[in-house]
Amino acid sequence: MSAGAAPGGAAWRTASICAAEHRGSVGVKNAVSTVKYKISAGRPWFPYAIVEQFRRIANIYYLVVSALMLVGEQAPQLWVTPYESWSTAGVLVFVLVLTALKEGVEDLRRLRSDRAENGTLVLARTPAKGEVRWEDLRVGDLVIVRDRQALPADAVLLTSSAPNGVAYVDTANIDGETNLKLREPPAEVAHALGANEDARVVGTVSFEPPSRHIHTFNGAIRLDPSGAGSAPSELPLSASSLLLRGSVLRNVDFALAVVVYTGSESKVAMNSQETPSKMSLVERTINASLGAIMVPYLAFTTVSAAIASTATYETPYLLSGSETASVLPPFVSLWVTFFILYCFLIPISLYVTIELVNLLQAYLIAQDALMYDKASDTPAVARSSNLCQELGQIQYVFSDKTGTLTANEMVLRYMSVGSQDLIASLPPPAGARAGARAHADGGGDEPAGAGTSDAGGTVDLERANLPAARVGGAADGEATDVLRSASVPLENLLRLAGGRPGGVTTSPRDAAVGAASRLNLSSDSAETVRARTAAELLAICHTVLPQIVGGRLVYQGESPDEVALVEAAASVGYRLLRRDADEVVVAVGAAAAAPPAADGPPPGGCPAGCDELHVRVLAVNQFNSTRKRMSCLVRYPDGTLVLYAKGADTTMLPLLDSRAFGAAESTRANDHLSAYAREGLRTLVLAKRTLTAQQATEWLARFRAAAVARVDRDGQLADAAAAVESGLALVALTAIEDKLQAGVPHTLEHLRRAGLKVWVLTGDKVETAVNIGFACKLLTTEMTLLHIGAADADGGGGGGGGARGALTTEGLREQLRTLTAHYAAQILAQLPHLADGADGGGGAGDASAAERLAERLTAAPRHVSGLRAVFQRVQGLHHAASRTIASRLFLGSPASSRAAEVEASALALVIDGAALALCLDDEGLKEALLQLGRVCASVLACRVSPKQKAQVVELVRTGVKPEPLTLSIGDGANDVGMIQAAHVGVGISGKEGMQAVNNSDFAIAQFRFLERLLLLHGRWNYGRMSKVVLYYYYKNFVLTLTLFVFNFQAAFSGTSLFESLMASGYNVLLFLPIVFVGALDQDISAQMALRQPELYVTGRTNMHLNTIKVGATMLEGVLTGGVIVAVAAATRRSSANDGLYSLGCTVYTWLFLIMQWKLVAEASCWSRPLNAIWWAHNMIYVAFLIAYSAMYSVSPDFYGVGTNTLDEPEFWLACAVVLGASMLLDTSLEYARLQLRPTIVDIYAEIDSGYGEASLEHEMRARGALGRLREALGIFSAPSALKKPKADAPGAAPAGAGVGRSGAERSSYDFTAPEMPLSKRAELMDKALQRRGSRANDRAAPSPAGAHGGGGGDARRCA
Amino acid sequence: MSRRPPNTPFRQQTLKAWRPILTPAWVIATFTAVGCVFIPIGTVCLIASQSVVEVVSKPYDETCCERFCDNDERRIDKNPCTIKMTVPERMVAPVHLYYSLENYYQNHRRYVKSRSDRQLRGETGLKPSLLSDCAPRAFANAKGRDEVANAINPCGLIAWSVFNDTFSLADPDGRQVAMVKKGIAWDTDVSTKFRNSEETGTNFPPFAGKDCSPGSGQCAEDEDFIVWMRTAGLPTFRKLYRRIDIDLEPGEYALTIQNGDVLSGRGERPINRWTDAPQRLLYPVHPFGGHKYAVLTTTSWIGGRNDFLGYAYIIVGATSLLLALAFFVKHKISPRKLGDTSYLLSAFSSR
């Protein structure tokens, strides 16, 4: 048997099951190798590991320099080496060997774990039964896996100890999902074999070739019947019977499975490609600095060589005539000599230093106790230490919504059964309270009470100032009224029945019992029947797995929504008890509503007083992202055949039976759905259809045929499902709440204030996403929402020109054009007064010019290039305007226009998946979208697929020039693409497994930690690394410059002023202090950085490490180096007996002192360890001079030099004056800059240090300035009528939001105040977050106490 | 067991730290203080430096030229040659006699390297390969390079071009002034770096006829030689020749310069390509356009005469005071309040 090649490429393989003669003919050995260095693969460890390191340009450079030095030493007739070659070659070899060793050790570890895995024993029948090593398994072998054992290979389940041969697997190793998954063998096979691990199995299994798709598998099994005669029948196999390698068997004693994919062909191995290694900033910095430094380097070298080869110095004492002349032209030979002489300009130690600093930074990130999540006992993890400083330069944040912004804790919040009668009796305040809650959540930081007073009939959206672009929105107030009057908050369903309101999940036992019993027993009004049907549907139609864990019944499912629905059903008396392969058992009755009592029947059983409902599940039409619905065909004990379906409204509503689903009900349903969505809830439509026996039989036949199809099985299944999912009757609408994670609004608001553009990419529908957007402060009322996409049925009007119905490229183009014109008009409206501010030109002419321009723009051509032109034009104006403003604020920072671009933006873009897909396909639209997206502060993309998420990140990375730094944050497997696509990927170690974390660069437990990660650690690390890199530039530039200038005094012969070891030891002697600065410096205090997110501008606009800064540093280096040599020449001229090395020693000491001083000047935070190490280095230096000058055998040249130099008072006097001059120069320049052109960071650093009456009043005024500035910059924000009234009292916050904000900030200030013990701070912060969370959560439940009782009270007092 | 990171100031980055802020008060005060300290120091240095009496001769390479001064080939120097040194005021002992050379690139890369420290230290039997740095003055003959006996000791360009003018000083009354040679070189050099060996002086004409046995104090142990071997850092340099331990009264002193070694006329001439007529020359500097001076100087606590240091202090100090004044005026006229964010706004709205 072998794999035959069939046309079309989808050749299936066929293997005999457990047959000795054919064993090994199919597939590969079941050994897995993750080892990187293999001789067999042509990658022997040592040479390959060494060669690999030369992918770094820096290493190539060092290699070249070392080689030149060695050649020069061996063949002086070519060129001369000014230094000993070991000084560079030795270090290079050391670094290379060390790295290779590290790689080797890591590989050895991989080899060991491979061996351990491959050598694991498993019980197998090959065909002899016995324990075999994993690596000896072959395709077709039968494996017998015990409970809690891991699967050695991908295998098809045949039977197990459980009824029907089902098995449960834990796939945490593969996809990180912790819930158990049910795997079912083909029923006939399981039946034939029975629960017998020694059952006779003869036959063949065929299956598709190996692929990396974990969730798909197609195959067929043909078992030879034990009795001869009857023809063997072929049974289909699907992914539901495939046990993947690495998954763990649970809850069954044994499982018998036949191996189909082994070793490298197993799905998990096919998926374990190496994650793309991100080019670290270290490497980019070094590569970039190589480029930057090469300019002065080559200039020095060439100038020196040119002078040396042309200038004529009379030096007869060199007897040059008798010297062997270089065989090379003098210029070339000298050029190489000088190239080597100046090689310290790019020190090898820069690389080492940066790596070390990165490690320390990563360590400190992981050690931050305020980024430690107590609930999950998870500290932050920096997995890519080399990206630590990139955190401080992020410009775009791409965030997942579910599980990232929201907690992924689903609760069924409302259910609408469409009844008028029932709802009329509901107490109205419940809905109002819910609305108010949503509101308070939106303004989570506002003082309690502020948001509730006016919440009577309004939802957040109304205050959202829906913009002109979004014409024709639904009347929000009306919708809310509908919501209030028509929907049934679930607890009210209970209340109606007489129970006390209590959350679905937390309802007290007796209340629930009472409620459920009333519900069941109440008169059969239409609504009650429907409500019961809905509950029954929820309990039956799902893929949730009931499990008994620790004596309790828990539900596990792949979708948390489904679990929430099943739990909700349980709480009203439809408790799912068991599910077998084709049967669902539900306990029905009031008693079932209560959580099982401790003394009750076993958790899987039916409580006393209720009935067990056994429902046979005939078919399940699975949920997938295209269908967006699922359905089950079930047969009740009485023979009734019902199809239950639930799914997204967009796909479900068209399927409803139009006769039963009249216009009135349709309108009501739409109203309800909109109202739910406005609250940020997820909606589902529940529906049913009763089938006749004949219909069911016919359809089942079709379904089964599709299920065994070899070609396009999924498509056929979908078609089959579609055939039955029609003419449905509406049962109910549900609304599930996805709770916001703690601290999300605060974090997002701060990110926004930091000038980061936040793009939320979610799979949710537009309405839901927009509402979550408002709730979490991603969108604010000051923003103008631009909407692109199809006009949703429930969205109440889409974008500008969007035609109702199908979206076309043309329509989209039209929308973008309209938005652009709108946008342009707003700019132009602002332009006249900006123009006179900007250019002084201005005047009366402007208004008409603006009008004319607006006309031209609005009449812009419809084709894409025209659109692009319009955009460019508009953006030009926009930038010109905002640059003028911002440059005043940011004081000529080179990046001011970029800063302004962000500051100026008060736009938010909402785009739906269909529009996004179209945009991503069309180059022109792509660019237009990007242009629009760029000027928006927030972008919300809805209905986005995982692949599109990555595409959007890619779009921004490649489309925006210069390439902005992007960060993606997500928690699920669907975010992996986006996490890998971004510069920095952050994984949230949440509920959806470890996939995201495993692919991330940083892992945090809570979204709110992102604020600390970016605004604090990121900004610090960026500042630190900038200091390290600039310091290195400066340090080595000055050194090289002194060498260069000195050569004017040394006949350009290439003499090194410094003794060899001194020269190469320069970076060693100055090593640790800068590492400490790189690890510990804080340009601004933690509390200030978090209180003023605006300060993030430094990194975002790269204010520290740009070409101008580097240029300025070089210039400073030129001054310093020149002065040093001049002073040296002047002071040393007259002194006696001092040789070259004394001069070198003196200059070197000055360099050392100046560099040490520079460190003091650069460090903004002089901590004790830094102080200690700094002084230690000074001591070490003196000790080194003394010791080294006593080591004749090491350096005869330096022998006695140090001690003799230190002896002279003149030396010390000169040191002092040089140092004094240097300090004077630095300090006065810096002081003048501070006085005349302080940056925002300077001023806050002063406040930080307690200057400027850092009182609250003062702070308020500061915020006022910034706030007003933002207003001025945000030229598109609300028209003046919508502007908040200015506070009258001087010093009060100008904007209403400011009051709340400052309160929150003050408290966060308090949390992080260093004088407060850490535990206390963490505790306070936890409490505050709980408080915020509890305020958000205490909706219907008036007493939030219980859970965090005393804590909440304390926190309130604190506040 | 909780994975909560421990609460230490280092790990939580809450180390107590000083955050320096350049406040006007601080800067103005510091600058004033620097000025107030530096100017007096500078003054003291300047006074000390100016108290030093320094007598620099005219370039004696010119003074001592007898004939054909512009012709390298035919030039003849007065040898010996006497020049006048006028001591304007009493010079208090110790007085140092230096010779000073100009435009002499002792720091040339090839020159600096051209020596063998092991040979100078007295190691014998060095393999010829170890003397490669000394080229082209490592071996006496082009042939027989491998023979130890063929090596020049001390080898290399520095030794080969050893300065060999000698000076003697006569006071106004014509009496010879006693000069001390001991101690003109660094102790470390004398004690460790330079030691005669059996081979010292081999194939090296300047040492010919001298007692080059170990401990003799001549040849490689000669302090004049040691001083020369410490190559200067800059092309204009002074080297200490003798110390005079008596006070010199004002008056005209006669310095007699003589090129003793060359006069001996033995073997190969020290710097053989310079001229065919060594007997007629002092140490030749004219081929490279250099000059020679003799310098008599007293010392003070900061060393020799060096006004630069004093001026440097005074300039830095004065600049500091001026800056302090300027900053003070700026602060009084238009102060920028520290930590005042409204500054950002006013900068924005002023236009």
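Chain A is the first sequence line, chain B the second, and so forth, proteins listed ahead of strands; every chain is numbered from 1.
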Ignoring hydrogens and geometry, is there a side-chain-to-backbone donor-acceptor pair from A/Asp377 to B/Ser2 under 3.5 Å?
no
For B/Trp186 against A/Ser1142, the heavy-atom pair lying closest together:
CH2-OG, 3.3 Å
In terms of heavy-atom proximity below 4.5 Å to chain B, should A/Ile1084 be classed as side chain, backbone, both, or neither?
backbone
Can you confirm whether A/Arg1233 is buried at CZ, in the sense that more than 12 heavy atoms of other residues, nucleotides or ligands lie under 6.0 Å from that atom?
yes
May I ask you to check whether A/Tyr1141 and B/Arg230 show a side-chain donor-acceptor distance below 3.5 Å?
no
B/Tyr313 and A/Leu1213: which non-hydrogen atoms are nearest, and at how many Å?
OH-O, 2.7 Å
Side chain / backbone / both / neither for B/Tyr105 at chain A, heavy atoms under 4.5 Å:
both
Measuring heavy-atom distances to chain B, does A/Val1201 have an atom under 4.5 Å in its side chain, in its backbone, in both, or in neither?
both
Pairs of heavy atoms under 4.5 Å with chain A: top-ranked of B/Lys330, B/Lys193, B/Lys16:
B/Lys193
Portion of A/Thr378 that has a non-hydrogen atom of chain B nearer than 4.5 angstrom:
both
Side chain from CB out, backbone as N, CA, C, O: work out which of these in A/Ala1163 comes under 4.5 Å of a heavy atom of chain B, or both, or neither.
backbone
Nearest heavy-atom contact between A/Gln367 and B/Pro6 is OE1-CD, 3.5 Å
Do A/Met371 and B/Pro5 come close enough that some side-chain heavy atom pair is under 4.5 Å?
no
So, taking the atom named CZ in B/Phe327 and the one named OG1 in A/Thr1227, what distance separates them when rounded to the nearest 0.5 Å?
9.0 Å
Mind listing the closest non-hydrogen atom pair of B/Gln12 and A/Ala369 along with its distance?
OE1-N, 2.8 Å
Nearest heavy-atom pair of A/Gly1200 and B/Thr188: which atoms, and what distance?
CA-OG1, 3.9 Å
Taking all atoms of both residues into account, what is the closest heavy-atom pair of A/Leu1224 and B/Ser320, and its distance?
CD1-OG, 3.5 Å
How long is the straight-line distance from CG of A/Asp1197 back to CZ of B/Arg115, given to the nearest 0.5 Å?
7.0 Å
Region of B/Asn103 that comes under 4.5 Å of a non-hydrogen atom in chain A
backbone
Using only atom types and a distance under 3.5 Å, with no angle test, would you say the side chain of A/Ser1167 pairs donor to acceptor with the backbone of B/Ala17?
no
Who among B/Thr319, B/Leu120, B/Asp117, B/Ile158 has the most heavy-atom pairs with chain A under 4.5 Å?
B/Asp117
What part of B/Phe10 lies closer than 4.5 angstrom to a heavy atom of chain A: side chain, backbone, both or neither?
both
Region of B/Ser132 in contact with chain A, defined by heavy-atom distances below 4.5 Å:
neither
dist B/Arg109:CZ -> A/Phe1052:CZ (nearest 0.5 Å) comes out at 13.0 Å
What option among B/Asp189, B/Ile302, B/Asp187, B/Val27 has the most heavy-atom pairs under 4.5 Å with chain A?
B/Val27
Under a 4.5 Å heavy-atom cut-off, does chain A meet the side chain of B/Pro24, its backbone, both or neither?
both
Against chain B, label A/Ala1216 side chain, backbone, both or neither, depending on which of its atoms sit under 4.5 Å from a heavy atom there.
both
Straight-line distance of B/Trp301 CH2 to A/Glu1208 CD, nearest 0.5 Å:
13.0 Å
Taking atom OH of A/Tyr1192 and atom OG of B/Ser191, what is their separation to the nearest 0.5 Å?
11.0 Å
Atom CZ of A/Phe1048 and atom CG of B/Leu234: how far apart are they, to the nearest 0.5 Å?
14.5 Å
Please classify the contact between B/Phe308 and chain A as side chain, backbone, both or neither, with a heavy-atom cut-off of under 4.5 Å.
side chain
Ion pair check, A/Glu1246 and B/Arg336, cut-off under 4.0 Å:
yes
Is B/Gln13 reaching over with its side chain to a backbone N or O of A/Leu1080, donor-acceptor style, under 3.5 angstrom?
no
Could you tell me which portion of A/Ser1085 (side chain, backbone, both or neither) has an atom closer than 4.5 angstrom to a non-hydrogen atom of chain B?
both
Which atoms of A/Ser1164 are under 4.5 Å from chain B, going by heavy atoms: the side chain, the backbone, both sets, or neither?
backbone
Would you confirm whether A/Ser1053, through its side chain, and B/His108, through its main-chain N or O, come within 3.5 Å as a donor-acceptor pair?
no
Heavy-atom side-chain proximity of A/Tyr363 to B/Arg11 below 4.5 angstrom:
yes
B/Arg19 side chain to A/Gln1082 backbone, donor-acceptor under 3.5 Å:
yes
If only side-chain N and O atoms count, and only distance matters, is there a donor-acceptor pair under 3.5 Å linking B/Asn107 with A/Gln1049?
no
Options A/Ala1245, A/Pro1196, A/Pro1209, A/Pro1169, ranked by heavy-atom pairs under 4.5 Å with chain B, top entry
A/Pro1196
At a heavy-atom distance under 4.5 Å, which candidate from B/Val295, B/Val112, B/Leu309 has the highest pair count against chain A?
B/Leu309
